[in-house]
Structures are given as structure tokens and as C-alpha cells.
Amino acid sequence: MSGGIDSSVAAILLKDAGWEVIGITYRIYDNPLDSDTEEETVAIKEAREVAERLHIEHHTLDLRREFRETVIDYFIREYSEGRTPNPCVVCNPAIKWTYLLEAADTLNCTRIATGHYARIGKENGRYFLKKAEDPLKDQTYFLWKLSQEQLARTLFPIGGLTKEEIRNIARSKGFARLSKKSESQEICFIPDNNYRKFLTDEIPDFEKIFKPGDFVDNRGKVIGAHKGFPNYTIGQRKGLGVAAGYPLYVLSIDPQSNKIILGSKEELGGSLLYATDINYMKRQTLCDGENLSVKIRYRNTGYDASVYPEGHRLRIEFRGKADAITPGQSCVLYEGEDVVAGGIIHSVRPEK
RNA sequence: UGUCCCAUUGUGUAAUGGUAGCACAGCAGAUUUUGGUUCUGUCAGUCUAGGUUCGAAUCCUAGUGGGACAA
């Protein structure tokens, strides 16, 4: 329970369905403390209050160290290597599910549940994610890394409902204030939403390690100066400070030469990627050249692509051009509503 | 040194002599369980000095700066 509307309604729905519900809230970062008590964070306090009103048991787990070691360190490492991390994808299996299941075992609970917008299916003995009922809120993109064991014990009480229905439930159950809370999450451990500032604050000697360098065009011509490559991500347009008469986007980042290549929207498109860290979900493996819909970012409906397994990785060839394929981000393979597999985008260039 | 061309917001450009528009960048907001994208709004300009004209970015003169030719 995060204190927000989704996990609170998930708890309400489970309780109404007759489950014996226990609420768990994590403390993963030094978020602002509640101004009255100075003891717990605002979010934890709100989650505890919801649990109290539902008359359910509630526990708080301090996972700041674990979160730091697995999520924040990863986040920093990826940007330091010129890649673009997705902390939620790492956090879900490694933190949320791992410690929720651990708590479930100590508390003698059979299942765990979260407030994610997703559904679970099972075919041929395999568990897999299905897109949420509300296509605008579907969060399967962030959950592709969950294992079979994790999925087997998971419930998604709100996956079959729309955001509007969730709000109505909260209101009808007397949680009017929750239904009005803003959606905005962004990176949960970066309070001011400024990840660039976070990196320069967190990385010792940032200015010494990541020096300013050149923005260049596709032919290598210098067209501007960048402020250290961790400040940028592929597809980025804002904040480049280079005017060309048409919008410029970050095409690629080369940490070795400390150069960042800029170009037009057309040049940003790519038709190939290699994915690693594959997690097979609905299928145990894939056939050569299977046609699937591939999502390479959260807010995207997916591109038609052919998928070729190559050892421990996948080669994905898009039918058309995919926009801003970004190493470090996830690619999730869908067959209709079902998540077939997922992986991390490793490279976008043809290789042997 | 001689001839010619150019000079508009931070950048690139537009405006039959009638009082300055567009794009990019910047800034702000919207959207969002990653980053990026996208959308909306907004700031800002006629090189300088004279002159012609009811009126000049637009015409004339000089200056300044840049470019192209030329022994």
C-alpha cells in the first residue's frame, strides 16, 4: 500500500471479496517526513490511515538499503554508461515482489496483491501478464521482468477496472480525498523530478568525470556543446540549446568519444534492436521470425516486428521505423493482450 | 587598395514603402508509476548615424561588420 488510490482500492476490493487482508508499506527512500509526528513519511502515514479505516493489519518495512543497492545504484550506473535506465522495471521484481513475498511467508499469507493495472493469465502451465482493462493505464510494460514464481502468487485486484471506476469505488467507500489525489508519480526517489540534478548530486566529482563535450551531426560536424552525457537520453529534444530551424533530437550517445549525435525526427527512427536479459512469460521460447507487437516505451501502442531468438538474446526487426530506440529501456513483446516476453534493449546497430 | 553582395528577436529566415510573421532554441504549464516524446501558452528583433516620404525593415548617403571577386 503506497497511500495512493490504486493500492487502497485494491485492498478494499480484496476485503470485500472476503480475503483476509494485511497491508504492507515500504519505505524505500528518505522522503519528506510528516510535519506533525516527524516520525513517518507522509505516504506511510496515509497508507496506515487507510489500513486503519479498513480495519486491516498493517506493517511498514524499511527497505532503504536494499532499494539503494539494487535500484538507485543501477540507475546511476546506467546513466554513467550512456544508457537510459528504467528503475520501475528493476524495482518491481527485485524489491516490490521479492519483499512482499518474503513478508507473505512470514505472515502466513498465500497470495500477494498490488495496485497495478494489469491482469494475469495462465495457459499450458505458464503464467503471463495481460494488458489491463483500461488501455490508458496499462502497466504491463513495467512488469515484464516478473518470474513465474512471482506471478503464480500475485493478484491484481484493479486490473479489470478503469481509472474512473477506481475513483468511483474510492468515493463510494468514503475515501473521497484519495479519489482526488493527483496521478503524478515520476521517479519515486527523486522528489523534485529533476533526475539530472539527482545525478550530479549523487555522483561524487560528477564534473570531473563527465566533462562537457561536442554535439555533432550525422557527418561529425560540431554543432554545439553538451554538459556531460549523463544529462541526456536518446530521443531528447528539450534542453539541447541548439537551433537548426527544425527540431533536433539526441540520436545516440558515445561515452568513449564523449560525443552526442543530434539529428532530425526522421533520423531518429530505427528498424532493428538487440535485446538481452530476456524473460519469457507466456511462451517458454520463440520461433524464428514470429510477428509480434513490440513496445519500446511506456506510452506507445507498440510496433509490428519480427522476432528472432539468437542465443540468450533477441533480434527484433521492425516492419516500419520505430521511434528513438533507447539502450537501457525495456522492450516488451505482446501477442494481442498477452505479454509473451520482455527484455532490455542492448544495442540498435547490426552485429555479427 | 578597387568593384560587387549582405546585415531583421539567442539562431535560421519572411514581409507590392504603410508600421514585423514563421521555425528552432529559451521559459512556463498540461500529460505521465522510468527517461524521452507530444500538446498548449509565452518572452524576445529590423547594425549605427543622417536623409527622402504623410509614412521605411523595405529608397538614398556615410559609417561599422561579414562575404565574393580583383595583382
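Within every chain, numbering begins at 1; the chains are lettered A, B, ... in the order of the sequence lines, protein sequences first and strands thereafter. Not measured: the values here are computed from a predicted model.
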- For the side chain of A:Pro247, counting heavy atoms from C-beta on, which of B:U34, B:U37, B:A25 is nearest? B:A25
- Item | Residue of the set A:Arg77, A:Arg196, A:Arg68 for which salt bridge (Lys or Arg N to Asp or Glu O under 4.0 Å) holds with A:Glu202 | A:Arg68
- Ring centroid separation for A:His226 and A:Phe215, is it under 6.0 angstrom? yes
- Message: With rounding to the closest Å, how many angstrom separate the P atoms on B:U9 and B:U13?
- Response: 11 Å
- Item | Sidechain N-carboxylate O distance under 4.0 Å for A:Arg283, A:Glu335 | yes
- To the nearest 0.5 angstrom, please state how far the CG atom of A:Asp73 sits from the OG1 atom of A:Thr70. 8.0 Å
- C1' gap between B:U42 and B:U53, integer Å: 37 Å
- Given B:G35, B:U37, B:U32, the nucleotide with the shortest approach to the side chain of A:Ile187: B:G35
- Phosphate contact (B:G36 OP1 or OP2) by A:Arg196 side-chain N/O below 4.0 Å: yes
- Message: Let me spell it out: for each of A:Phe75 and A:Lys265, pick the nucleotide of RNA chain B with the closest heavy atom. Which residue's pick is nearer the 5' end?
- Response: A:Phe75
- Can a side chain N or O of A:Arg237 be found less than 4.0 Å away from OP1 or OP2 on B:U38? yes
- Salt bridge flag under 4.0 Å for residues A:Asp6 and A:Lys137: no
Under 3.5 Å between N/O atoms: give me all the protein pairs with nucleotides 9-15 of chain B, atom names plus distance.
none

- Query: How long is the line joining CD1 of A:Ile76 and C1' of B:U34, in whole Å?
  - Reply: 15 Å
- Item | Nearest-Å distance once atom P is located in both B:C27 and B:C54 | 48 Å
- Can you figure out which of B:U32, B:G36, B:G35 approaches the side chain of A:Lys137 most closely? B:U32
- Which part of the nucleic acid does A:Gly4 contact within heavy-atom distance under 4.0 Å: base, sugar-phosphate only, or nothing? nothing
- Query: How far, in whole Å, is B:U8 from B:G41 if one measures between their C1' atoms?
  - Reply: 25 Å
- Message: Do the side chains of A:Asp105 and A:Arg153 get close enough for a salt bridge, i.e. N-O under 4.0 angstrom?
- Response: yes
- Task: Verify the distance criterion only: is there a donor paired with an acceptor across the side chains of A:Asp134 and A:Tyr117 at less than 3.5 Å?
- Result: no
- Can you tell me how far P in B:G2 sits from the matching atom in B:G63, rounded to whole Å? 10 Å
- Task: To the nearest Å, give me how far apart CD (A:Gln236) and P (B:U34) are.
- Result: 16 Å
- Note on the structure: Rounded to whole Å, CG of A:Leu262 lies from C1' of B:A25 at a distance of 12 Å
- Let me know the distance between CD1 of A:Ile261 and P of B:G36, rounded to the nearest Å. 21 Å
- Quick note, ring-ring contact (aromatic ring centres under 6.0 Å, His included) partners involving residues 55-91 of chain A, not counting sequence neighbours, are A:Phe67-A:Phe189, A:Phe75-A:Tyr79, A:Phe75-A:Phe189, A:Tyr79-A:Tyr195
- Item | Contacting residues from residues 138-152 of chain A, given that a heavy atom lies under 4.0 angstrom of RNA chain B | A:Gln139, A:Tyr141, A:Phe142
- Message: Between A:Gln329 and A:Ile344 (side chain of the first, backbone of the second, donor and acceptor by atom type, cut-off under 3.5 Å), is there such a pair?
- Response: no
- Interatomic distance where CD1 belongs to A:Ile345 and P belongs to B:G35 [whole Å]: 16 Å
- Message: With a 4.0 Å cut-off on N to O distance, would you call A:Glu317 and A:Arg315 a salt bridge?
- Response: yes
- Pick the C1' atom in B:A25 and in B:A62, then give their distance to the nearest Å. 36 Å
- Task: Measure from NZ or CZ of A:Arg53 to the centre of the six-membered ring of A:Phe175, then state whether that distance is under 6.0 Å and the direction lies within 45° of the axis.
- Result: yes
- Query: Given that both pair distances must be under 3.5 Å and the pair must be Watson-Crick or G-U, what runs of three or more consecutive pairs involve RNA chain B?
  - Reply: B:1-7 with B:64-70, B:10-13 with B:21-24, B:26-30 with B:38-42, B:47-51 with B:59-63
- List the steps and the verdict of side chain to side chain donor-acceptor pair (under 3.5 Å) for A:Asn168 and A:Arg171. CA-CA 5 Å; A:Asn168 289 337; A:Arg171 215 172 296 128; 3.0 Å; yes
- Query: When only distance counts, do a donor and an acceptor, one from the side chain of A:Arg297 and one from the base of B:G35, lie under 3.5 Å apart?
  - Reply: yes
- Query: Do the charged groups of A:Arg297 and A:Asp323 touch, with an N to O distance under 4.0 Å?
  - Reply: no
- Can you tell me, in whole Å, how much space there is between the C1' of B:U46 and that of B:G17? 14 Å
- Task: Please list, by residue number, the residues of residues 322-344 of chain A whose heavy atoms come closer than 4.0 Å to an atom of RNA chain B; answer none if no residue qualifies.
- Result: A:Thr326, A:Gln329
- Separation of A:Arg299 atom CZ from B:A30 atom P, in whole Å? 16 Å
- Message: Categorize A:Leu240 for me: base, sugar-phosphate, or nothing, with a 4.0 angstrom heavy-atom threshold over every strand shown.
- Response: sugar-phosphate
- Determine the interatomic distance between C1' on B:A14 and the same-named atom on B:C24; round to the nearest Å. 15 Å
- Message: According to side-chain contact (heavy atoms from CB on, under 4.5 Å), who are the partners of A:Glu337, at least two apart in sequence or on a separate chain?
- Response: A:Arg119, A:Lys131
- Rounded off to whole Å, could you give me the CG-to-P distance for the A:Asn86 and B:G36 pair? 12 Å
- Task: Establish, from distance only, whether the side-chain atoms of A:Arg319 and A:Asn291 form a donor-acceptor pair under 3.5 Å.
- Result: yes
- Under a 4.0 Å N-O cut-off, is there an ion pair linking A:Asp338 with A:Lys282? yes
- Closest-nucleotide ordering on RNA chain B, the 5'-leading residue of A:Tyr298 and A:Tyr246: A:Tyr246
- Message: Looking at B:A25, I'd like to know if its phosphate oxygens (OP1 or OP2) sit under 4.0 Å from a side-chain N or O belonging to A:Tyr249.
- Response: no
- Message: Over all strands shown, is A:Tyr232 touching base, sugar-phosphate only, or nothing at heavy-atom distances under 4.0 angstrom?
- Response: nothing
